[in-house]
Each structure stands twice: as C-alpha cells, then as structure tokens.
Amino acid sequence: MRELDETIDERFDLAEDKVRQIAEEEERPYFRRVAEILEHCFALSADPSEDTQGLYADALPDAYPMSFLNPSYAVSVLGGDLGRALSLLYRDIIGLIPCVLEGRKDYLTLFAELFIQIECDVRFAGADGGGCEEGVPDATDDVLADMRSFYLDNVEIFGTDSVDEMLTGNAYIRDIVMHSDLSDPAYLKKYGLCLTDNESAMQAYMADADDGFIEKAARTYVEGYIRGFSMMGKDYRKKSTVLIDYSVGLERVVRRAVEIFKEFGFTTLFRRSPEFSFNRKPSADFGAFVVPVNPQMNFDHRNDTALFMDKKYAERMLEVSGAAYEVRKAEAAAYGGPAVIQTFGQADFSPEKKPECYTFTKKQSEVISERRTRATLLINRYIKPEERSFTIIAFPVPEIGKDFPAIMDATMRLNTMDNGVYEKMQAAIIDVLDRGQTARIRGRGKNTTDLTISLHTLKDRAKETNFENCLADVNIPVGECFTTPVLAGTNGRLFVGHVFIDGLEYKDLFIDVKDGMAVDYGCSNFPDPADGKHLVYENIMNFHETLPMGEFAIGTNTKAYKMGRDFGIEGKLPILIAEKTGPHFAFGDTCYSHEEDRMTYNPDGKALIARSNEISDKRKEDPESAYFGCHTDITIPFEELAGIWAVTADGEEIPVIEDGLFVVPGTEDLNKPLLALAEK
C-alpha cells in the first residue's frame, strides 16, 4: 500500500472517531446513513472477515428509489445542486468497500475526511437536510467547492494508482484467483463487491465442470491472444505481462489461463473493477467485475464527473498519467495488452432518463473528447500499438435463464470453431467484394437501411485486398470480413429496429451518413426525440457531434445467429458475438487505429490496403484530430437484410447476400443455419 504521508495513521484514527460521532449524534438522514456506511468501512479495515453485502442495501433495486444513492430522491430531499453532489459522494463512498478489504487505508481516510468536511459545511450553514434556516447562508456553494477541490487535489493519487495497477497488477485480486478454495463460494465475498445470484451460480457451475471443459475454455482464450500477435505480424516474445479482466465466478478458468500464459512466458496481472466517479467505465467488463445489481443506478451516475470536469482537471489528469507512465516505462514496454473475458445474458435494461442526474455541458463534452484523444496518444507513446495485442472472449451468465447450461455449451462450440473452414468461405466473399468500387447495403421490411460504402481502389487484385479475413484471434469467435471505408461517397442511412450496445437497449436506432460522417442520429427510447438523440450522442458518438464510419464488415457466423434465435437471446448477445451475426458498421476510429502504416496480410498473402481514411490520414501532421478514442459497432440482423452487393465501376451489382442468404459460390454452408431457422 502506498501511504499518503507519515501522518496517515493519525489522520485515519481522527477520521474514524469523527465518523463514529456523526453516526451516533446525527439526526439528518443523509449524514446518518453515510456515516454508518463509513463506520462499517472502518470496522472492515480492522476485521476484513465481516460480511460486506449489507452495506449495499440502498443500491438494491427495491430500496434504490427511496435511497440517497438515487439522484432523484436526493434532489427531492436535499435540493438540486446539493442533492446531486451528495448522491455522487454516497456512490463513491460505497465504492470504498472493495478498497478497504485490500487494506487501502489511504482511500478510506481521504473520503472520510471529505465527508466530515461536507457535514461541517452543512451543519455550520444551518441547513436542515438540504434547506436552510431563514437568514442563514446556504451550504451548497461550499459543498460544491470542497468536492471539486477534493477530486482535483487527489488526481495524483487516483491517476497514478490507475496506471500502476494496469502495469504492475493488484496482488489482492491475484491472491483470490490463485490461492482461494474455488470449490467453496465463500471466496466470492473477498472481492467486497455487491454480488448477485449470477456470481454464486457461475461459481457453482464452474466448480462442477470437468477438467476438460476448463482446459478447453482457458486454452482457447490464451491461444487466441497469442494468435493475435502472429496475425498482426508481431512477436509476442517481446512482451512479458498480460492483463486479465474477467467476470467474478470464472476464477477456475482464469486460474488455468494464468498457468497457460506462463507456458508462453507471460506473467499475468489483475486489477479491481473501477468503482469511483473518476474511473467508472460505461461497460462493466473491466477489472474483476460483477453483473451490475442495479443498472439504473450505474446509468444515473454515468456522468458524475460533470461536477468537477473542466479543462484544469483534464490537463491535470493527463499530466499525472504522463508522469506515472514515465516512472513505469519499463513495465509499459513489457506489457502485451489485455485479455478480456466478457459475459452476456443479463436481464434486459432500458434506461430511465432522470433530469436530476448530472449531464455534461457542451464545453465539458469537448474537454472529454479532447482528453480521450490525448490520453490515447499518451498511452501509445509508452505501450506501442505496433508491439501490443489483445483478445476478447465471452461466456453467458446464469441470469440468461433456465437454458444457461445449454447456452454455455453452445457458446463453447462457437468459441472453438474451425478457423480453416471459415478462412476459405470468407476468402470467396472477399474476392467478390474486391471487384466493387462501392458496396450497397439495403434493409427490408421495417428496416430502412440504405447505404453506399465507398471502397479503396485496388491497383492489383492479385496482390491487394480491401477486406481483412478475420478469424478467431483477437476477437473470439471466428467470422467476419471487414474494411475501412473511403469517407467520400459513403452515404445513406443505417437503421436497426432493436439492439443492445454496451448493455443499453436502443429502439429504432438510426444514423444518417454523408461522405462518411454521421450527420444525424437518434432512437425512439424516449417520448422526446431530443432525449433519444442525446442517448446516442453520449454512448455511440462518445460526446462527439459527429464521427466517421470507421468500419464496414460482414459477419459470417450464422451458427451464432442461429444460436441467438434458438434460445431467444439474440438481444442479449454481446457485440463480440453479435458483430459476427450480420453486416455491421462502426463509428469512430478505424480497426487499424494508430497502426495504419504497419502492413498486414490475409492468409492468402494479399496486402490489406484499406487501413486508413481521410480523417486518420491526418495522423502525421495533426494526430489529435486524426483519432477519437472510440469505436462502436452496430449490427443489422440477417432477418432485416434485403441484401449486400459489390457495385463495379460500370454499375454492375454483384450479390454477396440476397434476401438474407449468402449467394457467393463456396459459401453455401453459411446458409444452413439460416435455412434451418426459416423452416421452424
């Protein structure tokens, strides 16, 4: 543990005494409740064996509506700005629980001191709840100022820890994985996270799984990581560390993966899931994570950094990160990239938009976008894109339903499909697509998709190609051909009636494209179209007013498509699998982001020339305007697809898919799952 300073023990004891006093004497519900949580955290620091699950009571869906964790309730009791801020503080304080179990006395001290200061601000201003006595100053300005100062002043601690954990790992999480009795579900509580039935059911399933299943799952995952290096012409032996992100409950697979990674010369690293406003991620698959107990709470607090996000804070974050990478530059050079185990099958979630929650101003959105781009460039300086790789694999969670065991078996079959069979079929599709000057994609029925994709000009089709023949390596399972479109001449509308992206449901999602750039977008999630547009702006556009189309792809894994329909889980498939189940389009950076000048080749030896577009072409003279730090895939299901055609320079339309079926000679096997579905 890295101590704050020599007085940490004294500050810790003083904070504990004051928190205990507030918990005993405080009559105002907010401060009494949060003081009780902090009091339990101090007790946990002394005795980590205590159960933590009760500390999350206010986060549970039944209690949340009348909890101060809910910004709407907090605002109704405490007032607008004060309620929002104190709800944020409560959310961050329950994020302390895992840190306390790790022995992070520094984090507990810092947040306890902030809480004590805020309680003093309100008490001395005479505020009762959030209101103020007549003639007594309101505490809101003082509270907001203190909280903004807290997050800015502690960027050095929080930002440095984030870099350190990624490059050197979290010993506490590693110890859980490698030394717990994985047959006893009691180990799950060591994480200190809010557990759901998913984690205990997954642990039970894995505990009963035979060694062959565990071996197959772990080896497929690890060898996909190694193949990713080979596929991109990189030498994995230059790297010695790999970061594993995984879903709690899968430790038996993860432990075996650690052993297999060691066979390839890799030391495995782990990190905790980000639980604070300054590091929470939109998607859950980060660190050692659990299925969210309350997705609405996560959605409500997704923009909490709006309280303190400004140019000064963003610059300080970049400065601290740069200093941390410089200190850890040897570890950064050894780092090979992440190996991620995603999960899917969580209960459907359609977010409720609440006006009481924090939202970013236009200026803040611009700051976030600029910081994201500069942060990516900073990371690439120390962890060179031309040397690193990654892999992602996905498994269902028990919450997916009674068919969970069958879905797990089907997913395992998908994850271990024969690369060689798909390589040949995808090569045949690419040969047709490479004849086109453009590609045309049209929807059918209620799907109004009508897109023209402009393709790069091939000088020699015998030696060059526009489309990568993508097998099971960095993205498992197998099954797609993708390209980087030319922006000029890429026009039309993309539409999907119903899709889940990063856990959020979108209804009637559309993006209109002119010369490769998104010019309008929205969805019908909310009665007001402006709210639907803002949802897309936040989560697909990533706070950019517009983004380029960075990828056009055709997913070929019709077995995955059939699996989704057979079990009625097509809406629950993660992007990792869903993108293989039909044509898809990504907005943001290209698939070759920051590696455009490193030539790669398909298995047939053809050079992949479609690696850049008019935006990423700016990378040498103005790298900050060449990248966006995001890439979000949107897939059209086969059933909503009229067809895809390669359109030659003289206007001939050569079909790849018509009426939802592949028509390229040699791809007949891809239609068998689709035809089987049609017969049902």
Side-chain angles (χ1 to χ4, degrees), residues 221 224 228 245-247 281-286 289 291-292 295 298 338-351 390-397 400 407 411 414-415 449 468 470-482 494-507 509 511 518 521 523 535-536 538-542 547 549-561 563-565 567 569-591 593 628-638 640-641:
Y221 165 61
D245 290 336
Y246 67 97
S247 178
K281 307 295 180 183
S283 59
D285 52 341
F286 194 94
F289 61 92
V291 173
N298 291 359
V340 181
I341 306 179
Q342 292 184 331
T343 55
F344 64 94
Q346 295 88 341
D348 292 348
F349 169 60
S350 185
F390 67 93
T391 197
I392 308 175
I393 196 170
F395 296 106
V397 294
I400 204 164
I407 295 170
T411 303
L414 289 181
N415 288 340
T449 295
E468 180 164 323
C470 186
L471 305 173
D473 35 64
V474 295
N475 285 331
I476 302 169
V478 68
E480 66 172 308
C481 319
F482 67 84
L494 169 62
F495 179 94
V496 186
H498 182 250
V499 66
F500 284 84
I501 300 173
D502 286 335
L504 292 181
E505 179 187 29
Y506 295 84
K507 302 173 184 176
L509 172 66
I511 301 179
Y521 40 82
C523 63
L535 185 70
V536 177
E538 280 188 352
N539 298 286
I540 296 178
M541 294 293 113
N542 282 277
L547 284 174
M549 183 184 289
E551 177 189 7
F552 159 54
I554 299 176
T556 62
N557 198 324
T558 52
K559 290 182 179 179
Y561 183 81
M563 182 189 83
R565 297 314 189 266
F567 292 106
I569 59 170
E570 58 269 30
K572 296 181 182 292
L573 296 178
I575 285 296
L576 178 66
I577 297 177
E579 69 177 2
K580 315 293 173 56
T581 64
H584 63 269
F585 309 83
F587 288 84
D589 295 333
T590 76
C591 297
S593 176
F628 301 91
C630 59
H631 178 98
T632 305
D633 292 302
I634 303 167
T635 303
I636 301 175
F638 284 111
E640 296 183 21
L641 188 65

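Note that the numbering runs from 1 along the sequence shown for the chain.
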Peer 1: Could you grab the distance from atom CD of E551 to atom OG of S593, nearest 0.5 Å is fine?
Peer 2: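 It is 12.5 Å, given to the nearest 0.5 Å.
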Peer 1: Once rounded to the nearest 0.5 Å, what's the spacing between atom CE of M541 and atom CG of L535?
Peer 2: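 So the CE of M541 and the CG of L535 are separated by 11.5 Å.
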Peer 1: Only counting residues at least two apart or in another chain, list the ones meeting side chain to side chain contact (heavy atoms under 4.5 Å, CB included) with T449.
Peer 2: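 By the side chain to side chain contact (heavy atoms under 4.5 Å, CB included) rule, T449 matches I441, N447, L451, L494, F495, I636.
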Peer 1: Ignoring hydrogens, what is the shortest heavy-atom contact between G345 and V397? Give both atom names and the distance.
Peer 2: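 In terms of heavy atoms, the two residues are closest at C-CG2, 3.8 Å.
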Peer 1: If you define the side chain from C-beta out and look only at heavy atoms, does anything of I540 sit under 4.5 Å from Y521?
Peer 2: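 Heavy-atom side-chain distance check fails, nothing below 4.5 Å.
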Peer 1: Excluding sequence neighbours, so at least two apart, what forms salt bridge (charged side-chain N to carboxylate O under 4.0 Å, His left out) with D473?
Peer 2: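 Salt bridge (charged side-chain N to carboxylate O under 4.0 Å, His left out) check on D473 returns nothing, list empty.
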Peer 1: Taking atom CD1 of I569 and atom CD1 of I577, what is their separation to the nearest 0.5 Å?
Peer 2: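 That separation rounds to 8.0 Å.
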Peer 1: State which residues pass ring pair (Phe, Tyr, Trp, His ring centres under 6.0 Å) with Y506; sequence neighbours excluded, sorted by chain then number.
Peer 2: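 For Y506, no residue satisfies ring pair (Phe, Tyr, Trp, His ring centres under 6.0 Å) once neighbours in sequence are set aside.
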Peer 1: Do V499 and P637 have side chains that get closer than 4.5 Å, going by heavy atoms?
Peer 2: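 V499 does not reach P637 side chain to side chain.
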Peer 1: State the CD1-CD distance between I400 and Q346, to the nearest 0.5 angstrom.
Peer 2: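 Reported value, rounded in 0.5 Å steps: 8.5 Å.
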Peer 1: Who passes side chain to side chain contact (heavy atoms under 4.5 Å, CB included) against T391, sequence neighbours left out?
Peer 2: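 Partners of T391 under the side chain to side chain contact (heavy atoms under 4.5 Å, CB included) test: Y221, Y225, A339, I476.
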Peer 1: Evaluate K572 against D348 for side-chain contact (heavy atoms from CB on, under 4.5 Å), listing each step before the verdict.
Peer 2: CA-CA 8 Å; K572 296 181 182 292; D348 292 348; 2.9 Å; yes
Peer 1: Only counting residues at least two apart or in another chain, list the ones meeting ring pair (Phe, Tyr, Trp, His ring centres under 6.0 Å) with H631.
Peer 2: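 Once residues adjacent in sequence are excluded, H631 has no partner under the ring pair (Phe, Tyr, Trp, His ring centres under 6.0 Å) criterion.
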Peer 1: Using the test side chain to side chain donor-acceptor pair (under 3.5 Å), find all partners of S247 that sit at least two apart in sequence or belong to another chain.
Peer 2: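 Partners of S247 under the side chain to side chain donor-acceptor pair (under 3.5 Å) test: none.
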Peer 1: Output all residues satisfying salt bridge (charged side-chain N to carboxylate O under 4.0 Å, His left out) with E640, sequence neighbours left out; order by chain, then residue number.
Peer 2: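 Not a single residue meets the salt bridge (charged side-chain N to carboxylate O under 4.0 Å, His left out) criterion with E640.
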Peer 1: Contact between L509 and V536 at the side-chain level, heavy atoms closer than 4.5 Å - yes or no?
Peer 2: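 In short, these two side chains touch, coming nearer than 4.5 Å.
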Peer 1: Are the side chain of H584 and the backbone N or O of D633 linked by a donor-acceptor pair below 3.5 Å?
Peer 2: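 Not a single qualifying donor-acceptor pair exists.
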Peer 1: Can you sort out the partners of K559 under salt bridge (charged side-chain N to carboxylate O under 4.0 Å, His left out), two or more places apart, ordered by chain and number?
Peer 2: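 Per chain and number, K559 pairs via salt bridge (charged side-chain N to carboxylate O under 4.0 Å, His left out) with no residue.
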Peer 1: Search all heavy atoms of C470 against all heavy atoms of V478 and return the closest pair with its distance.
Peer 2: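 Residues C470 and V478, closest heavy atoms: O-CG2, 4.2 Å.
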Peer 1: Roughly how far, to the nearest 0.5 Å, is CG of N557 from CD of E579?
Peer 2: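 One gets 10.5 Å once the value is rounded to the nearest 0.5 Å.
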Peer 1: Is any side-chain heavy atom of M563 less than 4.5 Å from a side-chain heavy atom of T411?
Peer 2: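 Of all side-chain heavy-atom pairs linking T411 with M563, at least one is under 4.5 Å.
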Peer 1: Got a sec, which residues hit side chain to side chain donor-acceptor pair (under 3.5 Å) with E570, two or more places apart in sequence or on another chain?
Peer 2: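 In terms of side chain to side chain donor-acceptor pair (under 3.5 Å), with neighbours along the sequence ignored, E570 is linked to no residue.
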Peer 1: Name all residues meeting the ring pair (Phe, Tyr, Trp, His ring centres under 6.0 Å) criterion together with F638; count only those two or more places apart in sequence or in a different chain, and write none if there are none.
Peer 2: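 Here the qualifying residues are Y561, F662.
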Peer 1: Side-chain contact, heavy-atom cut-off 4.5 Å: N475 with F390?
Peer 2: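 They are in side-chain contact.
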Peer 1: Hey, could you give me the CD1/CZ distance between I407 and F395, rounded to the nearest 0.5 Å?
Peer 2: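 With rounding to 0.5 Å, CD1 (I407) is 14.0 Å from CZ (F395).
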Peer 1: Taking all atoms of both residues into account, what is the closest heavy-atom pair of A578 and T635, and its distance?
Peer 2: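 Closest approach of A578 to T635: O-CG2, 3.3 Å.
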Peer 1: On a heavy-atom basis, which atom in A394 and which in N415 lie closest, and how many Å separate them?
Peer 2: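 Distance-wise, the nearest heavy atoms are O-ND2, 3.4 Å.
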Peer 1: Write down the atom of Q342, the atom of F289, and the distance for their closest heavy-atom approach.
Peer 2: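 Between these two residues, the closest heavy atoms are CA-CZ, 4.4 Å.
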Peer 1: Return the minimal non-hydrogen interatomic distance between G571 and F500, and the atom names on each side.
Peer 2: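 For G571 versus F500, the nearest heavy atoms are O-CD1, 2.7 Å.
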Peer 1: Taking only residues two or more places apart in sequence or in another chain, which ones pass side chain to side chain donor-acceptor pair (under 3.5 Å) with D245?
Peer 2: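 With sequence neighbours excluded, D245 shows a side chain to side chain donor-acceptor pair (under 3.5 Å) to R271, given in chain and number order.
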Peer 1: I'd like to check L547 versus T632 (side-chain heavy atoms, cut-off strictly below 4.5 Å). Are they in contact?
Peer 2: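 No, side chains not in contact.
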Peer 1: Please list, chain by chain and in numerical order, all residues satisfying ring pair (Phe, Tyr, Trp, His ring centres under 6.0 Å) with F628, sequence neighbours excluded.
Peer 2: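 F628 satisfies ring pair (Phe, Tyr, Trp, His ring centres under 6.0 Å) with H544 once adjacent residues are dropped.
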Peer 1: Just so I know, are the side chains of I511 and M549 near enough to count as touching, which here means a heavy-atom distance under 4.5 Å?
Peer 2: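 They are not in contact (no side-chain heavy atoms under 4.5 Å apart), so the answer is no.
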